[in-house]
Asker: 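Pasting a structure below so you can have a look.
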Amino acid sequence: MSKNFKRTTITSALPYANGPIHIGHLAGVYVPADIYARYLRMRGEDVLFIGGSDEHGVPITIKARKEGITPQQVVDRYHYQIKESFETFGISFDIYSRTSAPIHHETASDFFKKLFETGKFIENTSQQYYDEDNNQFLADRYITGTCPHCGFERAYGDQCENCGTSLSPLELINPKSALSGNVPVLKDTTHWYLPLEDYEPWLTKWILEGHKDDWKANVYGQVKSWIDQGLKPRAVTRDLDWGVKVPIEGADGKVLYVWFDAPIGYISATKDWSAKTGKDWEPYWKSADTKLVHFIGKDNIVFHCIIFPVMLKAEGSYILPENVPANEFLNLENDKISTSRNWAVWLHEYLEDFPGKQDVLRYVLTANAPETKDNDFTWKDFQARNNNELLAIYGNFVNRTLVLTQKYFNSQVPERGELDEISKTALEEMARYPEIISAAIERYRFREALSELMNLARLGNKYLTEMEPWKLIKTDEEKVKVILNVSLQIVANLSVLSEPFLPFSAKKLQEMIDLTGLLWKDAGGDNLLKPGHQLQQPDFLFARIEDEEVEKQVQKLLDTKKENQNAAPAKPAKEPIEFEDLMKMDIRTGTILEAEKVPKTKKLLKLKIDTGIDQRTVVSGIAEFYEPEDIIGHKVSILVNLAPRKLKGIDSQGMILMAEDKDGKLCFVSPTEDFNNGSEIK
RNA sequence: GCGGAAAUAGCUCAAUUGGCAGAGCGACGCUCUCAUAAGGCGUAGGUCCUGAGUUCGAUUCUCAGUUUCCGCACCA
């Protein structure tokens, strides 16, 4: 599989510009991508490392509407913040671009046009309901009306909940827009689809046969499952006003679907880079001798392994990814990272709280990277890895070597003289590390690579302990010269080999030993520091992290947890209603008599309720929160005069009232005393 | 419900084409003193998720199941 590539294009998933960057993004995508990029650069290879903000899509328009600002203002805010924190953190993008940039609109537009003109799309025009108040086409679910089969008045555009029939919006009698309540008008709308199924044989050959052994198991398995299940055409356009305009006559009010638009962002970012540097962008995307690698999280596998490659293949002039080393997810203190729950360590906050400690976070996230399964980040582990590994093993070895050299030889590299067996062995072992580390990086095993780097520092510590130069200095100065020369060679090697992982510390170390500009091929050398070479004043590479610092961070998270529980910002009150509206509702106390899970669903329980009036069946979406056997006999509140509704083929007669918190967790609203079934709730 | 991946020492991870299960960190003990009380050496810790099957032998292969995460479906 080892083709001879001339250059490498590395892409990292475009972060969505509706929130800042957190450690999950870093561990999954940006840190490994950066290590890879830095490593290849040190090998003297031609590398282009691409990043950028993904700025289109519905969530951004929703956020803008909520805050009363324009979508552009939303993305501006996060784009610059993200860009800056990446820079400070040392993610060495050659370009960090954005999808709202003109160059992207142009690129994505051209890309679409080419596929359109060469007949790669399926075109489908249909009549769809249009809400003239909101100036938009309505999704099926946003249209309600009377079901033509059973006469139920609140059927949805896709299905009647009463009789269970699948509907199309056009069949509804008296359709209404769920957004404005107005009568929508019918308009023709055309959309374009990418027929993924046409590429099945090609995908099978390319991935299932061609990358069986070199792609990660999770990536390969996921792709196989998609292909095996059969691919379907996928719409590439949608009716929305925020995004890249569909470049076709009469396609006003349509934009490219984000999933189509975003990956093209990698290409436009490359063009952006080209415009800024004057270098040609095309070889990085179109030369067969270019290795394209996508760094992503596991949620993005299908897009990068199936959809985007199909787009590139359909376009015809682009190369395909050589590998897609998707990572799993990182948790934080035993809980899923969540932007909405503010459960995260935000990069911009970390950089403020731990100035100058970029490498510590890089180290922890690499050593504990979710390469094969989800992992957990804890502040205790963060502290331990800094104090017990980075500082105690790496920092300490460097420091003791430099301090000894300063003490005995005024910080001048001593002559080496005759090598004894132990020293010889140490140098030989040292020389093996560049290859060991390279091999791990090239297989995208960064955790292993980093651990080998630490082993080199361990080798140094062990060597010093065995040789005891602090004793020998009294009797045999010549021997001490040998020992420190050898130790210094190990230090020099560390300064080179650690650059991809710990760029800030590597640089500092290189300055301390006054040795810069070395490349990967120099590593392993046993004479990097020449005798007589003057070293600079030694300084600590890493500082101890005290308990109170991490306790502060833990406290911050505890506060967040508290906030999430207590001060959940309640949703604003709904429209006022009249008393008579309330009186229309008949809510009673009831008792659950039977409960069982509805087959083939995740959320539904089928309940039999004694309402005092009768015994009836109700289907309720609570299976994720209650075990059927636990709730039998439970008192509940039930709305008894709600029109019956068919769920999964079961008639649900009424609705159990539930309280819902902001995470979507549900709990019963029950009488606090043992009231008779059928008691009215007013 | 369907599909994918994962489950190994207190924690984070290795390994095995089927043959006494290994490392780092933590714990405990010993020890050097050049070094940021750091380093070095050693000890304890495992029914390799569960159950069945194939085999002389299974952590590894097969089947069934459990749990976690992701995707899809479904659902508010």
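The model shown is predicted, which means the values in this text are computed figures rather than measured ones. Convention: sequence-line order gives letters A, B, ...; per-chain numbering from 1.
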Asker: What nucleotide, of B:rG39, B:rU12, B:rU33, holds the atom closest to the side chain of A:T465?
Answerer: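 Of all the options, the side chain of A:T465 is nearest to B:rG39.
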Asker: When all nucleic acid strands are considered with a 4.0 Å heavy-atom cut-off, which category describes A:K471: base, sugar-phosphate, or nothing?
Answerer: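 Here A:K471 touches the backbone only, sparing every base.
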Asker: Side chains of A:N455 and A:R458: is there a donor and an acceptor less than 3.5 Å apart?
Answerer: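 There is such a pair (donor and acceptor under 3.5 Å, judged by atom type) between the side chains of A:N455 and A:R458.
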Asker: So what's B:rC61 paired with, Watson-Crick or G-U wobble, going by both distances under 3.5 Å?
Answerer: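 B:rC61 is paired, partner B:rG53.
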Asker: Donor-acceptor pair, A:N461 side chain versus A:I393 backbone, under 3.5 Å?
Answerer: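 Present.
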Asker: Between A:K336 and B:rC70, does any side-chain N or O lie under 4.0 Å from OP1 or OP2?
Answerer: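 The answer is yes; a side-chain N or O of A:K336 sits under 4.0 Å from OP1 or OP2.
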Asker: Could you tell me whether A:K481 and A:E415 make a salt bridge, using a distance below 4.0 angstrom between a side-chain N and a carboxylate O?
Answerer: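 A:E415 and A:K481: not salt-bridged.
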Asker: Using a heavy-atom cut-off of under 4.0 Å over every strand shown, decide if A:E371 touches base, sugar-phosphate, or nothing.
Answerer: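 Answer is nothing: A:E371 stays at 4.0 Å or more from every strand.
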Asker: Given that both distances must come in under 3.5 Å, which nucleotide forms a Watson-Crick or G-U wobble pair with B:rA38?
Answerer: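 The base-pairing partner of B:rA38, which may sit in any strand shown, does not exist here.
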Asker: In whole angstrom, give the distance that lies between atom CG of A:L390 and atom P of B:rU36.
Answerer: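 Value for this atom pair: 17 Å.
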Asker: Which base sits across from B:rU33 as a Watson-Crick or G-U pair, both distances under 3.5 Å?
Answerer: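 The answer is none; no pair meets the criterion.
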Asker: Using a heavy-atom cut-off of 4.0 Å across all strands, would you classify A:F540 as base, sugar-phosphate, or nothing?
Answerer: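 Base contact.
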Asker: May I ask you to say what A:E389 touches in the nucleic acid, namely base, sugar-phosphate or nothing, with a heavy-atom cut-off under 4.0 Å?
Answerer: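 Here A:E389 touches the backbone only, sparing every base.
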Asker: Given B:rG39, B:rC69, B:rC32, identify the nucleotide with an atom nearest to the side chain of A:D374.
Answerer: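 Nearest listed nucleotide: B:rC69.
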Asker: Which is true for A:K224 with a 4.0 Å heavy-atom rule: it touches a base, it touches only sugar-phosphate, or it touches nothing?
Answerer: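 Counting heavy atoms under 4.0 Å across all strands, no contact is made by A:K224.
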Asker: In whole angstrom, give me the gap between the C1' atoms of B:rG19 and B:rU59.
Answerer: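 Approximately 12 Å lies between the C1' atom of B:rG19 and that of B:rU59.
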Asker: Using a cut-off of under 3.5 Å, enumerate the N/O to N/O pairs linking the protein to nucleotides 4-8 of chain B.
Answerer:
unit_1	atom_1	unit_2	atom_2	d
B:rG4	O2'	A:Q222	N	3.2

Asker: Is A:R544 near enough to B:rA37 that one of its side-chain N or O atoms lies under 4.0 angstrom from OP1 or OP2?
Answerer: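 Answer no for this pair, as no side-chain N or O of A:R544 is under 4.0 Å from OP1 or OP2.
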Asker: With a non-hydrogen cut-off below 4.0 angstrom, is A:L484 in contact with a base, only sugar-phosphate, or nothing?
Answerer: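 Touches nothing.
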Asker: How far does the C1' atom of B:rC49 sit from the matching atom of B:rA9, given to the nearest Å?
Answerer: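 The same atom, C1', in both gives a distance of 15 Å.
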Asker: Check nucleotides 26-31 of chain B for protein N or O atoms closer than 3.5 Å to its own N or O atoms and list the pairs.
Answerer:
unit_1	atom_1	unit_2	atom_2	d
B:rG26	OP1	A:N388	ND2	3.0

Asker: Nearest-Å distance, CG (A:L464) to P (B:rU36)?
Answerer: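 My rounded result for the distance is 14 Å.
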Asker: Name the pairing partner of B:rC72, where a pair is Watson-Crick or G-U wobble with both distances under 3.5 Å, or state none.
Answerer: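 Base-paired to B:rG1.
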Asker: May I ask you to verify if any side-chain N or O of A:K380 is less than 4.0 angstrom from the OP1 or OP2 atom of B:rC25?
Answerer: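 Answer is no, no contact under 4.0 Å.
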Asker: Determine the interatomic distance between C1' on B:rA6 and the same-named atom on B:rA27; round to the nearest Å.
Answerer: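 B:rA6 and B:rA27 have their C1' atoms separated by 28 Å.
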Asker: Which base sits across from B:rU67 as a Watson-Crick or G-U pair, both distances under 3.5 Å?
Answerer: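 For B:rU67, the partner nucleotide comes out as B:rA6, under the 3.5 Å rule.
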Asker: Which one is paired to B:rA27, where only Watson-Crick or G-U wobble pairs with both distances under 3.5 angstrom count?
Answerer: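 The answer is B:rU43, by the H-bond criterion.
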Asker: Should B:rG45 be called syn or anti, with syn set as within 90° of 0?
Answerer: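 Here B:rG45 takes the syn form, which means its glycosidic angle is within 90° of 0.
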Asker: Give me the distance, rounded to whole Å, that separates B:rC32 from B:rC41 when you measure between the P atoms they each carry.
Answerer: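 Nearest-Å result for B:rC32 against B:rC41 at atom P: 15 Å.
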Asker: Using purine N1 to pyrimidine N3 plus N6-O4 or O6-N4 for Watson-Crick, or N1-O2 and O6-N3 for G-U wobble, each under 3.5 Å, what pairs with B:rG18?
Answerer: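 In the structure as shown, B:rG18 has no Watson-Crick or wobble partner.
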Asker: May I have the distance from A:Y363 (atom OH) to B:rU12 (atom P), rounded to whole angstrom?
Answerer: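 It works out to 16 Å between those atoms.
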Asker: All N/O contacts under 3.5 Å from nucleotides 43-46 of chain B to the protein, with atom names and distances to one decimal?
Answerer:
none

